[in-house]
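Below is one structure, written out as structure tokens; the observations come after it.
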There are 2 protein chains.
Amino acid sequence: MAVKRTRRPRGSLTPDVILEAAEAVAEQGFEALSMRAVAARLEAVPMALYNHFATKEQLVAALLDRVLFRFEPPPATDDWIEDLRAFANAHRRLLAAHAWAVAPIFTNPSPGLASVRIGELALAILVRGGLSNADAVAAFSGMLALNYGWASFTAARDLDPGGPSHDVAAMLRALPAEAFPLTVATADAWGTYGSDRDYAFALGRFLDGLRAAASDATI
Amino acid sequence: MAVKRTRRPRGSLTPDVILEAAEAVAEQGFEALSMRAVAARLEAVPMALYNHFATKEQLVAALLDRVLFRFEPPPATDDWIEDLRAFANAHRRLLAAHAWAVAPIFTNPSPGLASVRIGELALAILVRGGLSNADAVAAFSGMLALNYGWASFTAARDLDPGGPSHDVAAMLRALPAEAFPLTVATADAWGTYGSDRDYAFALGRFLDGLRAAASDATI
DNA sequence: ACCTGAACACCGTTCAAGT
DNA sequence: ACCTGAACACCGTTCAAGT
């Protein structure tokens with residue numbers, strides 16, 4: 001009674017079709033993304049994928065670039081700092097919406113076209129603010145680093161709800177207060193570790209400093 | 001002529017000995033760290049490790065905690081912002097000195113004791129600066145995120161010298177200037193992407209904003 | 001209690017073969 | 001040109017056996 005596998009039609013496997021399947025698999029956790037799992041979802045044999053991507057690494061790079069191309073820049077206003085804030089928030093939301101992608105993007109800092117596009121859009125805001133080329137690159141790097149680091153805090157929780165990082169407040173409260181007085185005292189605040197409010201605070205301080213530096217330079 | 005494997009003496013395998021070997025393996029690249037490779041280095045059989053660590057995940061968690069315990073806080077001065085700057089720099093140097101550990105720490109936000117210790121030390125500085133508990137946690141989160149994100153930029157290069165991220169400047173210069181004018185114009189600045197100078201700029205703006213916020217609150 | 005050996009269910013990928 | 005099948009050299013881990 002075994003169902004005889006039908007042979008896949010000739011042109012039915014394209015990079016797009018493969019990436020679509022790969023993303024569906026990755027959404028169940030990036031570690032679940034294997035060439036064999038993607039092939040199985042397409043009812044193809046693992047080796048069929050290798051006609052379209054030379055290695056798994058290249059398939060993953062293409063997949064991540066595809067995700068990053070979904071970034072939509074907020075409309076510009078006349079306040080470059082507010083534009084930068086909106087930009088950073090939109091970028092962080094993109095990462096949060098693809099929690100499975102955060103770790104591999106972090107590990108694989110692929111200089112793909114989608115990353116270049118995001119950089120170009122950010123530089124436009126920073127240069128408009130009066131920053132030098134060198135400072136604009138440094139400022140964009142800082143914003144990216146903040147977002148990737150922050151996304152790792154939240155991605156870990158989103159990907160593993162109920163995991164060890166879930167009731168961090170309870171764990172910290174149970175520590176010896178003699179050794180870690182401030183940690184125990186701030187246990188409640190740690191419960192919202194990685195929250196939107198905390199992100200707004202951190203990003204806000206960075207933008208405050210950036211605005212001050214830019215106005216110093218232009219006076 | 002095959003050398004007969006001698007049986008390992010009874011107490012010769014301890015968690016410390018295993019972690020020592022694991023770190024030596026991981027230094028050749030974290031993806032090279034397998035239970036089998038660690039066992040081979042100890043001239044033991046893979047299953048021997050399971051008497052000391054229940055899973056690979058637990059072994060890795062212990063290994064990362066061990067690395068983070070090497071953090072040495074700089075001595076305190078009477079300027080909390082300068083103390084925070086020195087703290088952030090020391091933390092980033094620790095990550096840079098263990099480039100192989102950056103990705104797994106990022107993926108595995110283990111609330112291990114070493115992380116708690118680092119947090120306690122940072123909070124001491126922030127509370128001394130007059131920040132509320134909630135703001136201190138947010139500020140420390142921001143500094144951590146910045147450092148982990150930044151470390152990912154440099155770790156990728158350090159772990160794969162001569163890799164695709166090596167001559168990023170040349171790659172960016174080759175892009176169509178109509179589509180990416182600012183990227184092409186800043187190609188030289190991107191060549192030093194992730195540099196100490198750029199980090200100092202990004203951290204500096206964050207600390208400027210933090211100082212301003214703290215003095216506002218205490219007036 | 002701790003170390004071993006064989007086995008199981010996975011990987012990515014090579015290589016030769018089909019159509 | 002693209003899809004297939006079998007095989008190779010790896011994984012983490014279970015389970016039963018040694019000492």
Side-chain angles (χ1 to χ4, degrees), chain A residues 2-26 28-64 100 103-104 107-108 110 160 163, chain B residues 2-26 28-64 100 103-104 107-108 110 160 163:
Chain A
V3 177
K4 190 64 188 289
R5 276 281 318 292
T6 56
R7 199 186 168 88
R8 265 200 86 88
R10 219 86 197 317
S12 65
L13 231 47
T14 64
D16 265 357
V17 168
I18 293 172
L19 292 178
E20 194 75 32
E23 182 165 358
V25 173
Q28 285 139 229
F30 185 72
E31 71 287 347
L33 178 61
S34 68
M35 296 301 267
R36 294 170 120 105
V38 174
R41 171 169 260 265
L42 293 168
E43 293 185 319
V45 94
M47 282 313 300
L49 307 181
Y50 286 83
N51 291 305
H52 305 275
F53 295 98
T55 61
K56 182 186 180 184
E57 198 178 340
Q58 287 186 23
L59 190 156
V60 168
L63 179 60
L64 298 177
W100 60 266
T107 308
N108 242 53
S110 67
D160 181 24
Chain B
V3 178
K4 190 63 188 290
R5 276 279 320 292
T6 56
R7 199 187 168 88
R8 264 200 87 88
R10 219 97 199 306
S12 65
L13 232 47
T14 66
D16 266 358
V17 168
I18 293 172
L19 293 178
E20 194 75 32
E23 182 165 358
V25 172
Q28 284 138 231
F30 186 71
E31 71 288 347
L33 178 61
S34 69
M35 297 299 266
R36 294 172 121 104
V38 175
R41 171 170 262 264
L42 293 167
E43 293 185 318
V45 92
M47 282 313 298
L49 307 180
Y50 286 82
N51 291 304
H52 305 276
F53 296 98
T55 61
K56 182 186 180 183
E57 196 178 341
Q58 287 187 24
L59 189 155
V60 169
L63 179 59
L64 298 177
W100 58 267
T107 308
N108 242 53
S110 68
D160 182 23

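Convention: sequence-line order gives letters A, B, ...; per-chain numbering from 1.
With rounding to whole Å, Leu33(A) atom CG is found 16 Å from dC10(C) atom P. Atom CG of Leu59(B) is separated from atom P of dT13(D) by 10 Å (rounded to the nearest Å). One can place CG of Leu49(B) at 11 Å from C1' of dG12(D), the figure rounded to the nearest angstrom. Atom CE in Met35(B) sits about 12 Å away from atom P in dC11(D), given to the nearest Å. In this structure, Arg36(B) atom CZ and dA6(C) atom P are separated by 13 Å, rounded to whole Å. As rounded to whole Å, 14 Å separates atom C1' of dT13(D) from atom CD of Glu57(B). Taking atom CZ on Phe53(A) and atom C1' on dT14(C), their separation rounds to 20 Å, with Å as the unit.
Closest to the Ala48(A) side chain, of the nucleotides dT4(D), dA1(C), dA1(D), is dT4(D). Closest contact between the side chain of His52(A) and the listed nucleotides dT19(D), dG12(C), dC3(D) involves dC3(D). For Val45(A), the listed nucleotide lying nearest its side chain is dG5(D); candidates were dT13(C), dG5(D), dC2(C). Side-chain atoms of Lys56(B) lie closest to dT13(D) of the nucleotides dC3(C), dG12(C), dT13(D). Here the side chain of Arg10(A) is nearest to one of dA1(D), dC3(D), dC2(C), namely dA1(D).
Between Met47(B) and Leu13(A), it is Leu13(A) whose nearest contact on DNA chain D lies nearer the 5' terminus. Where Thr55(A) and Asn51(B) each meet DNA chain C at their nearest nucleotide, the meeting point lying more 5' is that of Asn51(B).
In this structure, Glu57(A) places its CD atom where only 12 or fewer heavy-atom neighbours from other residues, nucleotides or ligands lie under 6.0 Å away.
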Practice task
Go through the steps for Tyr50(A) and Met35(A) under the test side chain to side chain contact (heavy atoms under 4.5 Å, CB included), then give the verdict.
Solution key: CA-CA 9 Å; Tyr50(A) 286 83; Met35(A) 296 301 267; 3.7 Å; yes

Practice task
Evaluate the criterion side chain to side chain contact (heavy atoms under 4.5 Å, CB included) for residue pair Leu42(A) and Leu49(A); output intermediate values, then yes/no.
Solution key: CA-CA 10 Å; Leu42(A) 293 168; Leu49(A) 307 181; 4.2 Å; yes

Exercise for the section: Test Phe53(B) against Leu19(B) for side chain to side chain contact (heavy atoms under 4.5 Å, CB included), laying out the working first. Expected result: CA-CA 10 Å; Phe53(B) 296 98; Leu19(B) 293 178; 3.8 Å; yes

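Pairs of Watson-Crick or G-U wobble type, with distances under 3.5 Å, assemble into runs of 3 or more in DNA chain D at these ranges: C:4-8 with D:12-16, C:12-16 with D:4-8.
Distances shorter than 4.0 Å separate some side-chain N or O of Tyr50(B) from OP1 or OP2 on dT13(D).
Among all heavy-atom pairs drawn from Arg36(A) and Pro46(A), the shortest one is CG-CG, 3.9 Å.
Of the possible donor and acceptor atoms, none in the side chain of Ser12(B) sits under 3.5 Å from a partner among the backbone N and O of Arg8(B). When atom types are taken as modelled, the side chain of His52(A) and the backbone of Leu13(A) share a donor-acceptor pair closer than 3.5 angstrom.
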